[in-house]
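Residues: numbered from 1 along the sequence shown. Every number for a ligand or one of its atoms is a count from 1 in the order of the listing. We use all heavy atoms of the structure for the numbers below, so side chains are in, but hydrogens, waters and symmetry mates are not. This structure is a prediction, so every number in the text was calculated from the model and none was measured.
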Amino acid sequence: MDSIRVVGGNPISGEVTVHGAKNAVLKHMVAMLLAPGRYRLDNVPGILDVDIMGEVLEHIGAACTRNGSVITVDVPDKLNPEAPLDLVRRMRASILVLGALLARGGAARVAQPGGDDFGSRPIGMHIQGLEQMGAEFELRHGVLNATAPNGLTGTEIFLEFPSVGATENLLLAAVLAKGSTVIGNAAREPELADLANLLNAMGADVRGAGTSTIEVYGVPELHPADHTVVADRLVAGTYALAAAATGGTLQVNGCDPDFLRMELRKMEAAGCTVVRGADTFTVSGPERPNAQDIATLPYPGFHTDMHPQMVAFLAKATGTSLVTENVYAARFRYIGELNRMGADVHADGQHVVIRGVDNLSGCEVDGCDIRAAAALTIAGLSADGETIIRDAEHIDRGYDGFVEVLASLGADIDR
Ligand code: UD1
């Protein structure tokens with residue numbers, strides 16, 4: 001296991017251009033299963049999760065080749081419609097092949113995902129929606145066997161929560177279904193709108209993606225298309241918070257500041273100066289942040305995947321902050337690690353209480369998960385002395401060149 005070593009004290013300043021979004025590209029790769037032929041995806045980050053999704057596609061029969069930030073995917077006529085447990089365990093997003101495989105060939109076998117560090121994370125909404133479209137499910141020996149004996153048929157589905165994954169699974173299923181599908185209370189994430197753009201370029205008829213009602217008019221077949229992946233707003237937000245926590249000034253390029261509207265607004269309220277442009281923004285950190293109350297919510301609310309990084313920033317605020325986690329039942333493992341560095345943070349139910357401290361002090365901490373590892377790095381950048389973040393592989397799942405980028409922005413950091 002690799003570690004990241006960071007010595008705090010240097011402001012994170014300069015200019016960074018963010019790469020394509022993990023939470024978009026993984027879905028784009030699945031969408032390619034909907035029609036045979038050759039696809040080209042541009043602005044693809046060099047991250048572990050893309051490699052794992054590549055393995056999922058190869059297991060299903062597609063061939064993926066990478067050349068820098070471009071991947072080429074060749075999808076054959078005949079697919080092996082299954083995602084085995086070892087791949088689903090390594091990456092939950094593998095379950096998105098359900099909708100696409102059902103739509104393409106009327107069958108899918110996907111290992112039932114178990115729990116993870118964020119709580120149980122069920123997939124009931126994915127299954128209920130697909131059942132409404134005519135799919136049948138049977139769980140045998142830990143594997144979900146899905147079939148659509150009479151093909152999928154469009155219908156009206158109203159989600160009980162705007163789940164990103166459920167919306168995407170249903171969208172992928174609906175594009176080739178008979179008739180039209182309406183997904184109500186849909187997730188509105190920019191990555192989902194980007195997926196709809198790719199699907200429409202492939203010949204689908206998807207309207208309203210990015211709003212809470214998505215209409216899909218089924219078409220008999222789709223064709224390959226080329227696509228450029230939308231920017232990763234979570235990477236953009238992480239680097240912005242690294243600058244904010246160290247009193248630096250950072251220009252973040254390639255990302256529409258509207259994708260981080262709530263996050264940037266909270267950073268301003270905490271004392272940051274934010275200057276917004278078209279596809280670029282600049283953040284300058286305060287001497288010391290003001291305490292803030294924040295609630296995570298589906299887009300356009302404050303993103304749950306920015307919660308740990310924001311808490312790391314608020315750890316040194318003047319006063320007491322309250323962050324309420326509304327998306328996941330349990331996303332608190334990073335707190336104990338942050339407290340080892342001298343923070344005063346505790347969780348009470350879904351609420352995280354952050355009493356600001358004057359200083360953090362570096363020590364050895366566990367990375368826990370992607371955003372926790374990013375948060376602990378931010379804490380390390382603003383702490384006294386040396387912090388070692390163990391299990392740095394978590395960072396590789398979502399950040400391309402994380403250590404190199406931060407080093408180029410002034411951090412004393414290596415792997
Ligand atoms: C996606 C993102 C993840 C982000 C999350 C919320 C990817 C690969 N991952 O995950 O980084 O944190 O959106 O923005 O894009 N739920 C149910 N039943 C369901 C489906 C979901 O109860 O059938 C619950 C989940 O347990 C969770 C909440 O809904 O508590 C949100 O999950 P969801 O929006 O589905 O997240 P993912 O798509 O898994």
Note to self: Quick one, Arg261 with Asp258, criterion salt bridge (charged side-chain N to carboxylate O under 4.0 Å, His left out). Give me CA distance, side-chain angles, the key distance, then yes/no.
What the structure shows: CA-CA 5 Å; Arg261 195 177 301 154; Asp258 272 358; 3.7 Å; yes
Next item on the list: With heavy atoms under 4.0 Å as the rule, classify the contact between Asp305 and ligand 1 as side chain, backbone, both or neither.
Entry: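 Answer for Asp305: side chain.
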Next item on the list: Report the part of Phe161 (side chain from C-beta onward, or backbone N, CA, C, O) that has a heavy atom under 4.0 Å from ligand 1; answer both or neither where that applies.
Entry: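 It is the side chain that gets close, since no backbone atom is under 4.0 Å.
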Item checked: Any residue meeting salt bridge (charged side-chain N to carboxylate O under 4.0 Å, His left out) with Asp279, in chain and number order, not counting sequence neighbours ->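 Partners of Asp279 by the salt bridge (charged side-chain N to carboxylate O under 4.0 Å, His left out) criterion come out as none, since no residue qualifies.
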Next item on the list: Please name all residues satisfying salt bridge (charged side-chain N to carboxylate O under 4.0 Å, His left out) with Arg265, sequence neighbours left out, ordered by chain then number.
Entry: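 Scan of Arg265 (salt bridge (charged side-chain N to carboxylate O under 4.0 Å, His left out), adjacent residues dropped) gives none.
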Report yes if [X] has an N/O atom closer than 3.5 Å to an N/O atom of ligand 1; otherwise report no.
| X | result |
| --- | --- |
| Ala93 | no |
| Gly165 | yes |
| Met125 | yes |
| Arg331 | no |
| Thr304 | no |
| Leu26 | no |

Next item on the list: Report yes or no: does a heavy atom of Arg92 sit under 4.0 Å from some atom of ligand 1?
Entry: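 No, Arg92 has no heavy atoms under 4.0 Å from ligand 1.
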Notebook entry, point to check: Does Lys27 have a heavy atom less than 4.0 Å from any atom of ligand 1?
Noted result: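 Heavy atoms of Lys27 do come under 4.0 Å of ligand 1.
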Under a 4.0 angstrom heavy-atom cut-off, which atoms of ligand 1 come close to [X]?
| X | value |
| --- | --- |
| Ile123 | 19 (C), 23 (O) |
| Tyr328 | 3 (C), 4 (C), 5 (C), 6 (C), 10 (O), 12 (O), 27 (C), 30 (O), 36 (O) |
| His303 | 14 (O) |
| Val327 | 27 (C), 28 (C), 30 (O), 31 (C) |

Notebook entry, point to check: Taking the inter-plane angle between the rings of His307 and Tyr334 on a 0 to 90° scale, is it parallel (under 30°), tilted (30 to 60°) or perpendicular (over 60°)?
Noted result: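 Perpendicular: the ring planes of His307 and Tyr334 meet at over 60°.
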Note to self: Would you compute the distance between atom CG of Leu250 and atom SG of Cys272 and round it to the nearest 0.5 angstrom?
What the structure shows: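 Answer rounded to 0.5 Å: 11.0 Å.
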Notebook entry, point to check: Roughly how far, to the nearest 0.5 Å, is the CG atom of Leu172 from the CG atom of Leu98?
Noted result: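 With rounding to 0.5 Å, CG (Leu98) is 10.5 Å from CG (Leu172).
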Looking just at side-chain N and O atoms, do [X] and [Y] make a donor-acceptor pair shorter than 3.5 Å?
| X | Y | answer |
| --- | --- | --- |
| Ser284 | Thr273 | no |
| Ser180 | Glu215 | no |
| Asn339 | Glu337 | no |

Margin query: As a check for students: among Leu192, Asn23, Leu234, identify the option with a heavy atom nearest to atom 2 (C) of ligand 1.
Written below: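 Selected option, by shortest heavy-atom distance: Asn23.
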Next item on the list: Please assess Arg390 against Glu364 for the test salt bridge (charged side-chain N to carboxylate O under 4.0 Å, His left out), listing each intermediate value before the final yes or no.
Entry: CA-CA 7 Å; Arg390 286 196 307 240; Glu364 200 167 306; 2.5 Å; yes
